[in-house]
Amino acid sequence: MKLSRAFLIAFMSTCLMMIMAQQGRAQEEQLDIGISTNEIAITSDFAGADLTVFGALDNADRFLLQIGQYDIIVALEGPAKRTVVRRKERFFGIWINRHSMTFEPAPASYSISSTIPIDRIAKQIDLSGRTIGIEHIHLTPSGRVGDGTLVPEFKEALLRLRVDDGLYQSEPVGVEFVSSSLFRATLRLPASIPVGRHKLRAFLFKNNEFVMERELPLRVVKTGIEQFIFELAHQHAFLYGVLAVVLAMLTGWTASVMFRRD
């Protein structure tokens, strides 16, 4: 009898704890996001675009909202691609590639916006662990590295080149709350944005602590003649090369006829 009563008490206590835990989870903050478009079309006159991200917070603490203890980070990551970085050196008066390093696939483009600078939102170790921020993108050398002391130099060069080309962009105050629980973010897409599947990641932090993450897909495609040339070059490389040579010869012959002297 005593055993049955003890078992019943333990069972009821477990059920009560489960109910309380479920209620606690139900009250946790939730982050929902949406984007202005699911597909970006690249045309001949494409000069970049702005991607608008909308979002909402559910079950947020009103007081913490008023004093600005909730922060949002929104990042758009391009398709992962393997990259080779080369360093030129002067050799007998000629600049040649003397060293190179290959990196494992990493986002070919990256745009990030946040309510405040991300180093004020979370600790560096948390940002690095979740790959948040340009300086926290994981760049891992592959194959034979050789002199390991050159790795930081090549990493810095790769990041610098992509920032200079506009492929890696950061806007530390690009996310703004338009109401007590609704926010809006704008991400700049460069003219040279790579074609392929991108992913939009949104992070919610409260009191500098990570709460949750949401993710949405985004496709970047070429249209019209650009799409035809892109598919021809990637799917029928030999035919594309032959046509390029023929076109170059035809252009040269036409120019010689038009400008030849009688």
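- Within the 4.5 Å cutoff, side-chain heavy atoms of R86 are placed close to those of V84.
- Side-chain contact check for F203 versus I72: every heavy-atom pair is 4.5 Å or farther apart.
- A continuous path of ILVMFWY side-chain contacts below 4.5 Å connects L64 to V211, so both sit in one hydrophobic cluster.
- Here OG1 of T102 is found 7.0 Å from CZ of R82. Values are rounded to the nearest 0.5 Å.
- Annotation for R184: atom CZ does not count as buried by contact number, only 12 or fewer foreign heavy atoms lying within 6.0 Å.
- Under the 3.5 Å distance criterion, the side-chain polar atoms of N207 are left unmatched by any main-chain donor or acceptor of E209.
- A cation-pi arrangement is present between R130 and F210 under the rule of less than 6.0 angstrom and at most 45 degrees off the ring axis.
- Residues E104 and S142 are in side-chain contact: their nearest non-hydrogen atoms beyond the backbone lie under 4.5 Å apart.
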- Item | Criterion side chain to side chain contact (heavy atoms under 4.5 Å, CB included) on E29 and M212, from CA distance to verdict | CA-CA 8 Å; E29 295 88 348; M212 66 173 301; over 6 Å; no

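- The shortest distance between side-chain heavy atoms of H198 and P217 does not fall below 4.5 Å.
- Here the shortest heavy-atom pairing between L65 and S180 reads CD1-O, 3.0 Å.
- Within the 4.5 Å cutoff, the side chain of I132 has heavy atoms near those of the F205 side chain.
- Between M101 and K155, the closest side-chain pair of non-hydrogen atoms is not below 4.5 Å.
- Between S114 and I73 the shortest heavy-atom distance is CB-CG1, 4.0 Å.
- Rounded to the nearest 0.5 Å, atoms NE2 (H136) and OH (Y110) are 9.0 Å apart.
- The structure places CD of E77 at 7.0 Å from OG1 of T131, a figure rounded to the nearest 0.5 Å.
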- Message: The test is side chain to side chain contact (heavy atoms under 4.5 Å, CB included); show your working for S128 and H138 and say whether it passes.
- Response: CA-CA 8 Å; S128 178; H138 295 166; 4.3 Å; yes

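- Atoms CG and CG, on L200 and L76 in that order, are 6.0 Å from each other to the nearest 0.5 Å.
- Side-chain contact check for R120 versus P172: every heavy-atom pair is 4.5 Å or farther apart.
- Within 6.0 Å of atom CD in E156, 12 or fewer heavy atoms from other residues, nucleotides or ligands are found, so the atom counts as exposed in its surroundings.
- By the rule that hydrophobic residues join a cluster once side-chain heavy atoms approach within less than 4.5 Å of another member, I67 and L57 end up as members of one cluster.
- Among all heavy-atom pairs drawn from G34 and L216, the shortest one is CA-CD1, 4.0 Å.
- From S113, atom OG reaches atom CG of L187 across 4.5 Å, with rounding to the nearest 0.5 Å.
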- Task: Show your working on side chain to side chain contact (heavy atoms under 4.5 Å, CB included) between F183 and T115 and close with a plain yes or no.
- Result: CA-CA 10 Å; F183 66 89; T115 49; over 6 Å; no

- Query: So L51 and L218, side chain to side chain contact (heavy atoms under 4.5 Å, CB included) or not? Walk me through it.
  - Reply: CA-CA 10 Å; L51 179 68; L218 174 72; 3.9 Å; yes

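- With rounding to the nearest 0.5 Å, the separation of CD in Q169 from CZ in R162 is 13.5 Å.
- Hydrophobic clustering (ILVMFWY, side-chain heavy atoms < 4.5 Å, transitive): I118 and V173 are in distinct clusters.
- In this structure, I116 and I121 have side chains that are in contact, with non-hydrogen atoms separated by less than 4.5 Å.
- Taking the charged nitrogens against the carboxylate oxygens, E171 and R188 have no contact shorter than 4.0 Å, which rules out a salt bridge.
- A single hydrophobic cluster is not seen to contain both L161 and I112; linkage of ILVMFWY side chains at heavy-atom distances under 4.5 Å, directly or through other members, places them apart.
- A donor-acceptor pair under 3.5 Å is formed between the side chain of Y70 and the backbone N or O of D61.
- The two residues V85 and F103 come nearest to each other via the heavy atoms CG2-CE1, 3.8 Å.
- Here the shortest heavy-atom pairing between F177 and S181 reads CD2-C, 4.5 Å.
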- For T186 and D50, run side chain to side chain donor-acceptor pair (under 3.5 Å): C-alpha distance rounded to whole Å, both residues' side-chain angles, the deciding distance at 0.1 Å, then the answer. CA-CA 6 Å; T186 301; D50 289 328; over 6 Å; no

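- Listed for the R214 side chain is a donor-acceptor partner under 3.5 Å among the backbone atoms of L31.
- Within a 6.0 Å sphere centred on CD1 of I125, heavy atoms belonging to other residues, nucleotides or ligands number 12 at most.
- Residue L127 is grouped with residue V163 when hydrophobic side chains (ILVMFWY) are merged at heavy-atom distances under 4.5 angstrom, including chains of intermediate members.
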